[in-house]
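Just below is one structure, and these are the notes that go with it.
Keep in mind that what you see is a predicted model, and the values were worked out from it rather than measured. The analysis underlying the following values was restricted to heavy atoms, covering all of them including side chains, and did not include hydrogens, waters or symmetry mates.
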Amino acid sequence: MKAALWTKYGSPEVLEYREVEKPVPRDTEVLIKVFASTVTAGDCELRSLTFPWYLAIPIRLFAGITKPERIKILGQEISGEVEATGKDIKIFSPGDQVFGATGFTMGANAEYISLPEKSVDSVITIKPANMRHEEAATIPLGGLEALHFLRTANIKKGQKVLINGAGGSIGTIGIQIAKSLGAEVTAVDRSDKLEIMRSIGADYVIDFTIEDYTRQGKNYDVIFDVPGKGSFLKTVKILNTNGYYLIANPRPLKMILGFWISLTSRKRVILESTERKIEDLILLKEMCETGKIKAVIDRRYSLEQIVEAHQYVEDGNKKGNVVILPP
């Protein structure tokens with residue numbers, strides 16, 4: 001099969017389009033023919049290992065000290081068709097149209113992938129009936145992250161929600177989930193993403209390159225900082241009493257400050273990793289089928305164009321999602 005092979009840590013050019021051995025499913029796995037996958041900012045960070053040292057060291061220990069050994073193919077989201085199943089599989093059958101998140105073992109940027117039917121890391125289920133594979137592939141990762149954090153905040157109708165970094169894969173689904181719960185949504189990102197954010201339901205949009213959302217004179221019940229780059233102290237000031245400050249990618253200082261604020265005030269700072277649950281992916285599927293969530297696709301690349309796709313995402317140009325289509 002063809003795959004985008006991750007040969008070393010570094011620039012997008014370390015990815016090579018090659019022929020590799022087709023996986024054989026184990027007894028508890030399903031073999032999926034991949035019809036669409038994605039490239040995310042997380043894929044680019046892992047490929048280049050652009051993490052703080054306290055994350056980079058354990059990642060090297062897991063993936064490979066000098067070069068990737070345990071993970072050979074990147075990509076965390078797939079949509080495709082079950083081609084074969086192991087003897088212990090009970091839920092899926094050949095021909096089932098599925099989508100899901102592959103977990104930290106990655107492997108989506110290939111023609112085939114073998115995944116466990118049940119896992120604490122990867123999750124797969126039947127894809128939304130009303131979506132094409134290229135649309136369904138954009139939902140799992142951002143959807144599970146957005147759903148986890150926004151549900152933690154227990155959003156009620158009429159509450160004011162601000163999402164910083166709302167133009168990416170997590171943020172675009174976050175806007176739609178918050179709107180489906182009846183919230184008034186303010187979306188923050190670059191100027192070239194404002195129209196997309198409006199089109200999926202944002203009530204107000206802010207271009208962070210020319211405006212500071214902490215100086216708008218407006219307070220919020222929930223603030224979801226997707227990239228984790230907002231000023232912590234300024235953001236806490238515009239959070240209502242009993243409000244939630246959700247940080248998807250916190251740094252150590254924010255973790256310490258967040259613990260202190262939660263301990264000494266009625267404002268709650270949530271900093272935690274998302275637990276991927278099959279019931280959450282099924283809920284996202286249902287939200288897609290009822291029209292509450294729509295896919296936001298910026299560009300489509302062939303698997304052979306994986307280097308160009310990574311370069312586009314790494315440069316910060318992505319609006320919503322970048323899809324990879326196998327040959």
**OP:** Kindly determine whether Lys127 and Glu81 satisfy salt bridge (charged side-chain N to carboxylate O under 4.0 Å, His left out), including the steps that lead there.
**Re:** CA-CA 10 Å; Lys127 84 170 183 65; Glu81 179 177 299; over 6 Å; no

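- With respect to Asp207 and Arg190, no salt bridge is recorded, no charged nitrogen being found less than 4.0 Å from a carboxylate O.
- Judged purely by atom type and a 3.5 angstrom limit, Lys318 uses its side chain to pair as donor or acceptor with the backbone of Gly320.
- Heavy-atom contacts from other residues, nucleotides or ligands closer than 6.0 Å to CD of Glu19 number more than 12.
- Glu314 and Arg47 are joined by a salt bridge, as a carboxylate oxygen and a charged side-chain nitrogen come within less than 4.0 angstrom of each other.
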**OP:** Determine, stepwise, if the pair Val39 / Ile306 fulfils side chain to side chain contact (heavy atoms under 4.5 Å, CB included).
**Re:** CA-CA 8 Å; Val39 172; Ile306 192 68; 3.9 Å; yes

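- With a 4.5 Å cut-off on side-chain heavy atoms, Val161 and Asp221 do not count as touching.
- Annotation: side chain of Tyr244 is in contact with side chain of Ile270 (closest heavy-atom distance under 4.5 Å).
- The closest side-chain heavy-atom distance from Cys288 to Phe99 is not below 4.5 Å.
- Inspection of the Glu83 and Tyr112 side chains reveals an N or O donor paired with an N or O acceptor under 3.5 Å.
- Taking the ring centre of Tyr9 as origin, the terminal cationic atom of Lys67 falls outside the region bounded by 6.0 Å and 45° from the ring axis.
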**OP:** Kindly determine whether Ser79 and His133 satisfy side chain to side chain donor-acceptor pair (under 3.5 Å), including the steps that lead there.
**Re:** CA-CA 5 Å; Ser79 185; His133 284 286; 2.8 Å; yes

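- In summary, the side chains of Arg215 and Tyr213 do not present any donor paired with an acceptor at a separation below 3.5 Å, with no hydrogens or angles considered.
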Subject >> side chain to side chain contact (heavy atoms under 4.5 Å, CB included) evaluation trace for Leu325 with Glu134 >> reply: CA-CA 8 Å; Leu325 302 172; Glu134 64 179 49; 4.2 Å; yes

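- The side-chain heavy atoms of Val24 and Leu31, taken from C-beta on, include no pair separated by under 4.5 Å.
- Counted within 6.0 Å of NZ on Lys218, heavy atoms from surrounding residues, nucleotides or ligands total more than 12; the atom is thus considered enclosed.
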**OP:** Give the intermediate values and the outcome of salt bridge (charged side-chain N to carboxylate O under 4.0 Å, His left out) for residues Asp203 and Lys179.
**Re:** CA-CA 9 Å; Asp203 299 286; Lys179 287 299 297 179; 3.0 Å; yes

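- The pair Glu289-Lys292 does not count as a salt bridge, with every side-chain nitrogen at least 4.0 angstrom from each carboxylate oxygen.
- Inspection of the Glu77 and Thr38 side chains reveals an N or O donor paired with an N or O acceptor under 3.5 Å.
- For CZ of Phe208, the number of neighbouring non-hydrogen atoms (other residues, nucleotides, ligands) closer than 6.0 Å is greater than 12.
- The structure places CG of Leu162 at 11.0 Å from CG of Asn219, a figure rounded to the nearest 0.5 Å.
- Summarising the geometry, atom CZ belonging to Phe104 is positioned 9.0 Å from atom CG belonging to Asp121; distances are rounded to the nearest 0.5 Å.
- Defined by atom type and a distance below 3.5 Å, a donor-acceptor pair is missing between the side-chain atoms of Glu304 and Ser302.
- Salt bridge status for Glu117 with Lys90: absent, with no side-chain N to carboxylate O gap under 4.0 Å.
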**OP:** Please assess Tyr245 against Phe232 for the test ring pair (Phe, Tyr, Trp, His ring centres under 6.0 Å), listing each intermediate value before the final yes or no.
**Re:** CA-CA 9 Å; Tyr245 184 9; Phe232 184 91; 5.4 Å; yes

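- Electrostatic pairing of Asp27 and Lys87 counts as a salt bridge here, judged by a charged N lying under 4.0 Å from a carboxylate O.
- A side-chain N or O of Thr274 and one of Glu145 form a donor-acceptor pair less than 3.5 Å apart.
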**OP:** Would you please test Thr7 and Leu15 for side chain to side chain contact (heavy atoms under 4.5 Å, CB included) and show each step?
**Re:** CA-CA 6 Å; Thr7 62; Leu15 300 173; over 6 Å; no

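- The environment of Lys8 atom NZ is sparse: at most 12 non-hydrogen atoms of other residues, nucleotides or ligands sit within 6.0 angstrom.
- For the side-chain contact (heavy atoms from CB on, under 4.5 Å) with Val205, the qualifying choice from Ile175, Val188, Leu194 is Leu194, the only one to do so.
- Contact annotation: the side chain of Asn109 approaches that of Leu303 to within less than 4.5 Å [non-hydrogen atoms, C-beta and beyond].
- Ser114 pairs in a side-chain hydrogen bond (donor to acceptor under 3.5 Å, both in side chains) with only one of the listed residues (Glu29, Arg26, Lys22), which is Glu29.
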Subject >> Stepwise side chain to side chain contact (heavy atoms under 4.5 Å, CB included) test for Leu150 and Phe224 >> reply: CA-CA 8 Å; Leu150 293 175; Phe224 185 18; 4.0 Å; yes

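- Looking only at side-chain heavy atoms (C-beta outward), Gln216 and Thr186 stay at 4.5 Å or farther from each other.
- Each of Leu181, Ile177, Asp280 was compared with Arg151 under the side-chain contact (heavy atoms from CB on, under 4.5 Å) criterion, and only Asp280 meets it.
- The closest side-chain heavy-atom distance from Leu74 to His310 is below 4.5 Å.
- When the shell of 6.0 Å around CD of Glu21 is examined, it contains 12 or fewer heavy atoms from other residues, nucleotides or ligands.
- The shortest distance between side-chain heavy atoms of Ile73 and Met106 does not fall below 4.5 Å.
- Linking ILVMFWY residues whenever their side-chain heavy atoms come closer than 4.5 Å, directly or via other members, leaves Leu281 and Leu115 in distinct clusters.
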